[in-house]
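All ligand and atom numbering here is 1-based and tracks the order in the structure.
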Amino acid sequence: MIRVLFNKKGGVGKSSLTVNLAAIAAHQGYSTLIIDLDTQCNSTSYLNVSDKQPDSSIADLFEQSITFHLRRRPASEFCQQTQFANLSIIPGSPRLAELESELDSRHKIYKLREALESLKEDYQYIFIDTAPALNFYSMSALIAADRCLIPIDCDDFARQGLYSLQQKLAEIREDHNEKLEIEGIIANQFMSNANLPKQIIDELIKEGFPVLPEYLSQSVKMRESHQVKQPLISMAPKHKLTQSMVRLFKLLEQE
Ligand SMILES: Nc1ncnc2c1ncn2[C@@H]1O[C@H](COP(=O)(O)OP(=O)(O)OP(=O)(O)O)[C@@H](O)[C@H]1O
Ligand SMILES: [Mg+2]
């Protein structure tokens, strides 16, 4: 099952959720892969993997499609085992930015789908982290994925962005990927003691958005976890936010 975490709004938790949901899947024994499609490489560095290793990032995988190679390397050669059991990553790279216009002009939008198709046998869960933009790479991810998860930070701008996002996803479904489904909106950095976040979420539910019924609270543990480069399930398995993430994963697992 291939899931993409996407929202054009920045800082809503795409990378944090990609890494933590994937780490929980891996912890539960599923072979799991993360694809880091963001030039910021936040998922890659969160897992303490370098984005500077030559020839082994997602940029190299894409680059193969626009340069001549005697032997095209299979996608599996780009997957690196992390220090966590069952968890691999195709690391991000700042070089993605340099390649983007050429990949786009040479119509390589289906290359990621092809690559992931060949990895589906090896990985039970694939999570794709994207940049806060609908660029060539996030389009590629939405074309490759079975499901899309949309984290929001429960403020009003986040809600406004959802309408255009919903429209764009419908268009991608129609033109490129009929199986693409909005699996759920994830309410992240939810503050249960404030009125506005609750009001925003309630309105979204009323309007029919599939808000997942597990809201993730705001906690400094998340920043600490980034700092020590360990997902929550490994750093603080009993913490309230970790437990909430585990329940969220369970909701996805059951579908
Ligand atoms: N539940 C949470 N509680 C506290 N802080 C959080 C939570 N979720 C995310 N954060 C913090 O918010 C910031 C943004 O998170 P993250 O980088 O995951 O978002 P993003 O959507 O990937 O951002 P970008 O659009 O830049 O890629 C980070 O500093 C992260 O530590
Ligand atoms: Mg990010």
Just to be sure I read this right, does ligand 1 sit under 4.0 Å from the backbone of [X], its side chain, both, or neither, counting only heavy atoms?
X	result
Asn188	side chain
Val12	both
Pro151	neither

For this session: Say whether Gln218, considering both its backbone and side-chain N or O atoms, lies within less than 3.5 Å of an N or O atom on ligand 1.
Result: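 N/O-N/O distance under 3.5 Å: no.
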
Among all protein heavy atoms, pick out the one at the shortest distance from [atom]; state its residue, atom name and that distance to 0.1 Å.
atom	result
atom 19 (O) of ligand 1	Gly13 N, 3.0 Å
atom 6 (C) of ligand 1	Met222 CG, 3.6 Å
atom 23 (O) of ligand 1	Gly11 N, 3.0 Å
atom 28 (C) of ligand 1	Arg223 NH1, 4.5 Å
atom 25 (O) of ligand 1	Lys14 NZ, 2.8 Å
atom 4 (C) of ligand 1	Ser219 O, 3.0 Å
atom 12 (O) of ligand 1	Gln189 NE2, 3.6 Å

Problem set entry | Any Lys111 side-chain heavy atom under 4.5 Å of Gln64 side chain |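 SC-SC contact between Lys111 and Gln64 ruled out.
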
For this session: Apply side chain to side chain donor-acceptor pair (under 3.5 Å) to Ser234 and Gln230, showing your working.
Result: CA-CA 6 Å; Ser234 135; Gln230 273 190 53; 2.6 Å; yes

Exercise. Is Thr130 close enough that one of its N/O/S atoms sits under 2.8 Å from the Mg ion (ligand 2)?
Worked result: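 No N, O or S atom of Thr130 is closer than 2.8 Å to the Mg ion (ligand 2), so no.
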
Just jot down the ligand 1 atoms closer than 4.0 angstrom to any heavy atom of [X], in number order.
X	result
Gln40	24 (P), 26 (O), 27 (O)
Ser16	9 (C), 15 (O), 16 (P), 18 (O), 30 (C)
Asp38	27 (O)
Gly10	25 (O)

For this session: Could you walk me through whether Lys206 and Glu203 pass salt bridge (Lys or Arg N to Asp or Glu O under 4.0 Å), step by step?
Result: CA-CA 5 Å; Lys206 228 184 276 167; Glu203 278 170 25; over 6 Å; no

For this session: Would you check, one step at a time, whether the test side chain to side chain donor-acceptor pair (under 3.5 Å) holds for Asp129 with Ser15?
Result: CA-CA 6 Å; Asp129 186 18; Ser15 305; 2.7 Å; yes

For this session: Mark yes when over 12 heavy atoms from residues, nucleotides or ligands other than Lys108 sit less than 6.0 Å from its NZ; otherwise mark no.
Result: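 Correct, the count exceeds 12.
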
Exercise. Parallel, tilted or perpendicular: which describes the rings of His226 and Tyr46, with under 30° parallel and over 60° perpendicular?
Worked result: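 Parallel: the ring planes of His226 and Tyr46 meet at under 30°.
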
Problem set entry | Test log, rule side chain to side chain donor-acceptor pair (under 3.5 Å), inputs Asp36 and Thr44 | CA-CA 7 Å; Asp36 187 352; Thr44 304; 2.6 Å; yes

Problem set entry | Geometric cation-pi criterion Arg3 and Tyr125, 6.0 Å radius, 45° cone |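 Judged by the rule, Arg3 and Tyr125 form no cation-pi pair.
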
For this session: Begin from the C-alpha positions of Ser101 and Asp104 and carry the test side chain to side chain donor-acceptor pair (under 3.5 Å) through to its verdict.
Result: CA-CA 5 Å; Ser101 65; Asp104 198 12; over 6 Å; no

Exercise. Just how far is it from atom CZ of Phe209 to atom CG of Leu204, taken to the nearest 0.5 Å?
Worked result: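 Output value for this atom pair is 6.0 Å.
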
